[in-house]
Structures are given as C-alpha cells and as structure tokens.
Amino acid sequence: MSDNDENHLIGERRAKLAKLRERGNAFPNDFRRDALAADIVTAYGEKSAETLEAAAVRVKVAGRMRAKRVMGKASFARLEDSSGAIQVFLQQQTLGEVYDEFKGWDVGDVIGAEGTLFRTKTNELSVRVEKLHLLTKSLRPLPDKWHGIADTELRYRRRYVDLIMNEDSRRVFETRSAIVRYLRAFLDTRGFLEVETPMLHPIPGGAAARPFKTHHNALDSDMYLRIAPELYLKRLTVGGFERVYEINRNFRNEGVSTQHNPEFTMLELYQAYADYTDLMEMIETLFQGLADSLLGSRKLIYQGIEIDLSQSFARKSIEDIILENNPDIDPMSLRDTLYLRRICDQMKIPYKAGDGPGKLQIEIFERTGEHTLVQPTFAYAYPAEVSPLSRRNDADPFITDRWEFFVGGRELANGFSELNDAEDQAQRFKDQVERKDAGDEEAMYYDADYVRALEYGMPPAAGLGLGVDRLVMLYTNSPSIRDVLLFPHMRPEY
RNA sequence: GGGACGGUAGCUCAGCUGGUAGAGCAAGGCCCUUUUAAGGCUUUGGUCCUGGGUUCGAGUCCCAGCCGUCCCA
C-alpha cells in the first residue's frame with residue numbers, strides 16, 4: 001500500500017508523457033476502432049493462413065497493451081479490449097519512426113492499431129499493423145504479469161487494477177449484472193411493477209438493525225438511511241399496486257465481515273392475495289431458473305460443497321430444527337423463558353433481560369441450527385416476538401407465517417405473510433418501543449403513518465426480501481461479499 | 001469485541017539461533033524481423049508498516065499502535 005508516492009517507474013513514465021505533450025496532443029480521441037478482439041477471433045479464428053492472406057481483411061483495433069515483446073526490428077504486443085485480446089505484429093520496415101517510438105511505450109498503455117489479419121508461424125491469428133497510435137499513456141505500472149494482484153486489500157481498494165488483471169473478477173461482475181437482469185425479467189413477466197421508494201427515512205423501519213443517521217439542513221430534521229424499504233412498499237399495496245418490487249441499496253450501521261457490508265443490495269417484493277407458501281414456491285422457481293440460466297445445471301459447487309437445487313427445497317420449523325440439533329432440549333419446555341435461559345447459559349449465549357421465549361429460541365437456532373442448513377431449506381414458523389411485521393399463524397399465535405431461506409448455512413431470503421391488521425400492528429410497534437426503551441438498539445420505532453395506511457385496509461399479501469449480494473456469492477462461488485461488490489467498504493486509506 | 005496470521009524494491013516473494021538488504025518480473029542501457037511468462041548481456045531501484053524498548057549491534061527479540069486477511073462472538 002505504498003506507491004501513492006512517486007517512484008522511479010512512475011517518474012520514467014511521466015518523462016515519456018512530457019515528451020508526448022511537447023509533440024502535440026498527448027491524449028488523442030480521434031481513433032475509431034471497427035472491430036472487437038473477440039469478434040475477430042470468432043469470425044476468422046478458423047480461417048487458414050492462405051485464406052486470410054487472400055482476403056486481406058483490414059481491421060482497426062484498440063485496447064490496453066498487456067504484453068510487449070520486442071525482437072529488434074519486429075515486435076509482438078497483446079491488445080486487450082472489453083471482449084478479449086488479440087495479438088498485433090509490428091515491423092520497423094512498415095512502421096518506421098512510429099516503430100522506434102513504440103519500443104519506448106509501456107505495458108498498460110492504451111493503443112490503437114490498424115492493419116490486416118494474418119497467421120504467425122505458430123498459427124496465432126494476429127494483426128499485421130500498418131498504422132499505430134498511442135492513445136493513452138499509462139503512468140503507473142501494472143502488477144506482476146505472472147502472479148497478478150495477490151494482495152486482497154489492493155484488489156478491493158483499487159478495483160480498477162483488479163479488473164485489468166483478473167478475468168475472473170470481471171466475470172463475477174458480469175454475472176452479477178446477469179443475475180439482476182434475470183430477477184427483473186422474472187418479476188416483470190409475473191406482473192410485478194418495479195418502483196423506487198425513499199432512501200432517506202424520517203423513521204428507520206422494516207428491519208431490526210441499527211441505522212446510519214444524517215440530518216436534513218433545510219428541514220432541520222434528523223433522517224436515516226433506510227435499513228429496508230418494506231414499510232414503503234407495503235404502503236403501495238394499500239394504494240392498489242398489488243405486485244411491487246424494488247432492487248436497491250439498504251444501509252445498516254453494523255459490523256463488516258465476509259458476509260456483511262454496510263450497504264448492500266436487496267430485492268424486496270410484495271404480492272397481494274398470496275401467502276408465505278406461495279413465496280416459497282416462487283423462491284424455488286427463481287433459484288432453479290437462475291441455475292438453469294447461468295450454469296445450465298441445478299447442481300452447483302459453493303466453496304467445495306455441492307448444492308443441489310434440483311429437488312423440492314426442504315421446509316422445517318424453527319422448533320424442529322432446534323430439537324434436531326439439540327437432542328437434550330425438552331420439547332415440552334421449548335416456550336418456557338426460564339428453561340430457555342438455562343439452555344442459553346449452558347451454551348454461553350448472551351441474552352437480555354427483556355428477551356422472551358421467541359427471542360431465546362432464535363438465539364439458540366442461530367447458534368446451533370443455521371449452519372446445518374447447507375442444502376436449500378426454508379426455516380419457517382418464526383416466533384411472533386421477533387417478527388413484528390409478520391402475520392400471526394391462525395392456529396398458533398406464538399408463531400408467524402414467516403420463513404427464512406438458507407443455502408450453504410447462510411440466510412439468503414426472508415419472507416412472510418404480511419400483518420395487515422392495523423390494531424395488531426400498532427400493538428407490535430408498542431412492544432418494539434418498549435424493547436427499545438429497555439436498551440435494544442435493534443428494536444423498531446413506532447411508525448404512525450404506516451399504521452394509518454394499514455387502517456385504510458391493506459389486502460392480504462405476502463412479501464420477501466432477497467439479499468442480492470449473497471445470491472451473487474452463491475452463483476459465482478465467491479467466499480466473501482467483497483468479491484461481489486465493486487467497491488466494498490474499507491477503512492479510509494487517506 | 002476475542003483469537004490466529006500477515007505488512008521487506010513498482011509487483012510476487014525469500015531473508016535460519018540478532019551480525020553490511022536478496023531473487024524473479026517490471027524499469028533504464030546494449031543486441032536481436034515470428035514472439036507468446038520471448039531470449040542474451042548489463043544497470044538502477046529499500047522509511048524492512050509506525051513509534052518506543054532490549055542490545056555493542058534489530059528486518060529478525062519485547063511492548064504499544066496502524067492497516068489488512070481469516071476464524072470465533
């Protein structure tokens with residue numbers, strides 16, 4: 001992390017640039033290419049040397065010089081553009097003075113070349129260059145051509161260098177884009193309307209998380225970066241948009257890890273006249289369709305573990321998962337606060353005085369159950385205590401009609417039948433405010449306008465949130481969320 | 001928040017029980033008209049993360065801090 005200061009390599013390149021400036025425009029923008037490297041290879045990669053010679057195909061290519069091999073009066077260089085790379089062949093006898101200048105150009109410079117296609121002695125499709133232009137002088141040397149960029153910190157802080165050096169990295173972000181396009185197409189064909197709701201919230205809501213706080217000067221009021229769009233999207237279902245979704249950033253003022261970035265991308269959707277089981281089916285269809293589309297297979301490898309998306313996804317209740325992984329726990333005492341506290345004490349799980357049986361269950365589940373959910377699994381029947389926006393189960397008011405979806409031991413999505421009983425919602429908000437007053441920083445605020453919206457009548461509905469970054473991690477086999485974020489959060493460098 | 005590991009040339013990395021700072025690539029110079037990690041000869045390049053301490057002497061040992069990676073909570 002130290003070459004922000006000048007070094008002799010940069011100094012030499014600056015001197016070269018100074019000479020270019022003396023001779024005229026050092027940053028020309030009048031070269032126009034007429035072919036991409038990959039298109040040339042596709043069109044002519046199979047043609048024989050004789051065919052190419054006879055056809056005398058002229059091309060203009062441009063790109064970053066990634067390799068430079070000078071052999072006296074002839075040279076090869078590899079030009080890389082957004083599509084791929086192609087080799088160019090340069091000769092002193094055809095290029096003259098420009099050839100001598102080229103010998104001083106550096107790997108990393110952006111170059112334009114015009115010439116005809118041919119095959120080298122080793123049969124590589126190449127451009128025999130007749131005109132050559134230096135388009136952009138690169139002042140900073142690229143990392144080692146063989147080892148590339150090994151320092152993960154540098155890869156994240158200088159993503160532009162990572163993208164130059166690392167084709168795998170480029171591919172991850174292309175796949176990310178393909179996944180987001182797939183999500184939109186998937187929902188658009190099902191009659192969902194994409195909307196944009198506020199990022200600046202007067203009251204942070206829709207999730208249990210600590211918000212970033214900011215201030216609106218003109219209004220002289222505190223604002224929060226949103227932790228979830230949920231309450232706004234559900235207001236829209238009140239307004240008559242019966243199927244809505246939003247793909248956008250959420251902000252949570254919490255720790256940074258391989259699974260967490262302070263800002264992350266979430267798909268949230270709401271569908272009227274549907275319940276949480278409908279959304280399980282939707283997730284199943286979506287994940288299988290993504291696998292078909294991206295991988296051509298419903299089995300994928302994530303970090304060495306095979307994930308099988310081809311079968312119907314497992315569905316297990318929270319209480320069953322707890323019992324399955326903790327055979328010593330008494331099933332009859334699973335909702336007994338004092339009993340659960342003793343269990344937590346044994347497991348050294350911290351809890352707060354106000355935590356009821358539902359919260360304690362979830363703590364035990366997160367400690368002992370989550371990591372076992374490797375194959376795609378819906379953990380459902382979340383306690384109402386930890387689900388202040390979910391619809392209570394008709395038969396068992398302790399739980400809600402809510403699931404979280406796990407793959408690889410990691411939560412990817414959260415969905416539930418929506419609580420549309422305004423009076424129940426008001427009471428749940430009050431309970432949250434009590435928890436907040438008791439010191440729970442993640443408890444929710446009372447959102448009076450949201451309750452008012454429900455009082456107008458929200459149709460029965462279900463909704464889900466899907467973590468897009470984690471989804472991309474799964475389908476690109478990326479171990480860290482930073483690998484799927486172009487510019488992940490880092491401590492400031494300066 | 002706790003633990004493990006790491007930070008040495010532009011890049012990738014060596015550097016043993018403390019004793020003059022090393023290699024490959026990149027870069028500068030010379031040679032070379034079919035290379036593909038091109039090759040040959042040659043030269044340059046260092047706040048060993050920072051600050052203390054121990055010592056005749058610290059890249060190396062000790063303490064504190066900064067930055068990062070991974071694991072755990």
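Computation of the quantities below employed the complete heavy-atom set of this structure, encompassing side-chain atoms and omitting hydrogens, waters and symmetry-equivalent molecules. All figures in this text were calculated on a predicted structure; none of them were measured in a lab. Lettering of chains follows the sequences in order, A, B, ..., and the numbering in each one begins at 1.
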Handout entry: NZ or CZ of A/Lys436 within 45° of A/Tyr445 ring axis and under 6.0 Å
Key =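 Yes, a cation-pi geometry holds between A/Lys436 and A/Tyr445.
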In the structure shown, which nucleotide is the Watson-Crick or G-U wobble counterpart of [N], with both distances under 3.5 Å?
N	value
B/C13	B/G22
B/U35	none
B/G1	B/C72

Could you give the distance separating [M] and [N] at their [atom1] atoms, to the nearest angstrom?
N	M	atom1	answer
B/C5	B/U17	P	16 Å
B/A9	B/U55	C1'	29 Å
B/G3	B/G19	P	30 Å
B/C70	B/C13	P	16 Å
B/U60	B/G53	P	14 Å
B/U20	B/G24	C1'	23 Å
B/A14	B/G22	C1'	7 Å
B/G15	B/A21	C1'	9 Å

What's [X] touching, base or sugar-phosphate or nothing? Going by heavy atoms closer than 4.0 Å.
X	value
A/Arg367	sugar-phosphate
A/Val107	nothing
A/Ser126	nothing
A/Tyr156	sugar-phosphate
A/Gly148	sugar-phosphate

Roughly, in whole Å, what's the span from [atom1] in [X] to [atom2] in [N]?
X	N	atom1	atom2	result
A/Leu154	B/G6	CG	P	20 Å
A/Asp151	B/U12	CG	P	6 Å
A/Arg155	B/U69	CZ	C1'	12 Å
A/Met71	B/G39	CE	P	11 Å
A/Trp146	B/G10	CH2	P	24 Å
A/Glu153	B/U12	CD	C1'	16 Å
A/His489	B/C67	NE2	P	11 Å
A/Arg158	B/G68	CZ	P	14 Å

Can you run down the ring pair (Phe, Tyr, Trp, His ring centres under 6.0 Å) pairs that involve [range], sequence neighbours left out, and say none if there aren't any?
range	answer
residues 29-51 of chain A	A/Phe31-A/His133
residues 357-381 of chain A	A/Phe365-A/Phe406, A/Phe378-A/Trp403, A/Phe378-A/Phe405
residues 142-176 of chain A	none
residues 54-105 of chain A	A/Phe76-A/Phe89, A/Phe89-A/Phe118, A/Phe102-A/Trp105

Exercise for the section: Mind running side-chain hydrogen bond (donor to acceptor under 3.5 Å, both in side chains) on A/Arg410 and A/Gln259 for me, showing each step along the way? Expected result: CA-CA 9 Å; A/Arg410 194 174 288 163; A/Gln259 312 301 320; 2.7 Å; yes
Under-3.5 Å donor-acceptor pair between [X] side chain and [N] base:
X	N	result
A/Asp144	B/G10	no
A/Glu124	B/U34	no
A/Thr152	B/U69	no
A/Gln92	B/U33	no

For [N], take OP1 and OP2 only and decide whether either is under 4.0 Å from a side-chain N or O of [X].
X	N	answer
A/Arg482	B/U69	yes
A/Arg69	B/U35	no
A/Lys145	B/A38	yes
A/Lys68	B/A37	no
A/Arg119	B/U34	no

Exercise for the section: May I ask you to list the residues of residues 343-366 of chain A, by number, that have any heavy atom positioned under 4.0 Å from an atom of RNA chain B? Expected result: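 When residues 343-366 of chain A is checked for heavy atoms under 4.0 Å from RNA chain B, there are no hits whatsoever.
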Exercise for the section: Would you mind telling me which of A/Lys137, A/Arg140, A/Lys68 makes a salt bridge (Lys or Arg N to Asp or Glu O under 4.0 Å) with A/Asp106? Expected result: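 Only one option passes, and that is A/Lys137.
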Lys/Arg N to Asp/Glu carboxylate O, [X] vs [Y], below 4.0 Å:
X	Y	result
A/Asp109	A/Arg64	no
A/Asp345	A/Arg342	no
A/Arg435	A/Glu442	no

Handout entry: Parallel, tilted or perpendicular: rings of A/Phe251 and A/Phe212 (30°, 60°)
Key =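 The rings of A/Phe212 and A/Phe251 stand perpendicular, inter-plane angle above 60°.
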Problem - Position toward the 5' end of RNA chain B (nearest nucleotide), A/Leu142 or A/Gln93 - result: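 By nearest-heavy-atom nucleotide position, the 5'-most residue is A/Leu142.
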Practice task
Using heavy atoms to find the nearest nucleotide of RNA chain B for A/Ser480 and A/Lys103 separately, return the residue whose nucleotide is more 5′.
Solution key: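 Its nearest nucleotide lies further toward 5', so the answer is A/Lys103.
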Handout entry: Listed nucleotide nearest any side-chain atom of A/Asn7, set B/U34, B/U12, B/G10
Key =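 Side chain of A/Asn7 sits closest to B/G10.
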Practice task
Can you figure out which of B/G28, B/U34, B/G10 approaches the side chain of A/Pro141 most closely?
Solution key: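 Looking only at heavy atoms from C-beta outward on A/Pro141, the closest nucleotide is B/G10.
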Problem - Polar contact flag, side-chain donor to acceptor under 3.5 angstrom, A/Glu263-A/Asn250 - result: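 Side-chain D/A pair, A/Glu263 to A/Asn250: absent.
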Handout entry: Pairwise distance CD(A/Glu50) to OG(A/Ser48) - rounded to 0.5 angstrom
Key =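 A/Glu50 CD to A/Ser48 OG: 4.5 Å, rounded to 0.5 Å.
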Tabulate atom names and distances for all N/O pairs under 3.5 angstrom spanning the protein and nucleotides 42-46 of chain B.
none

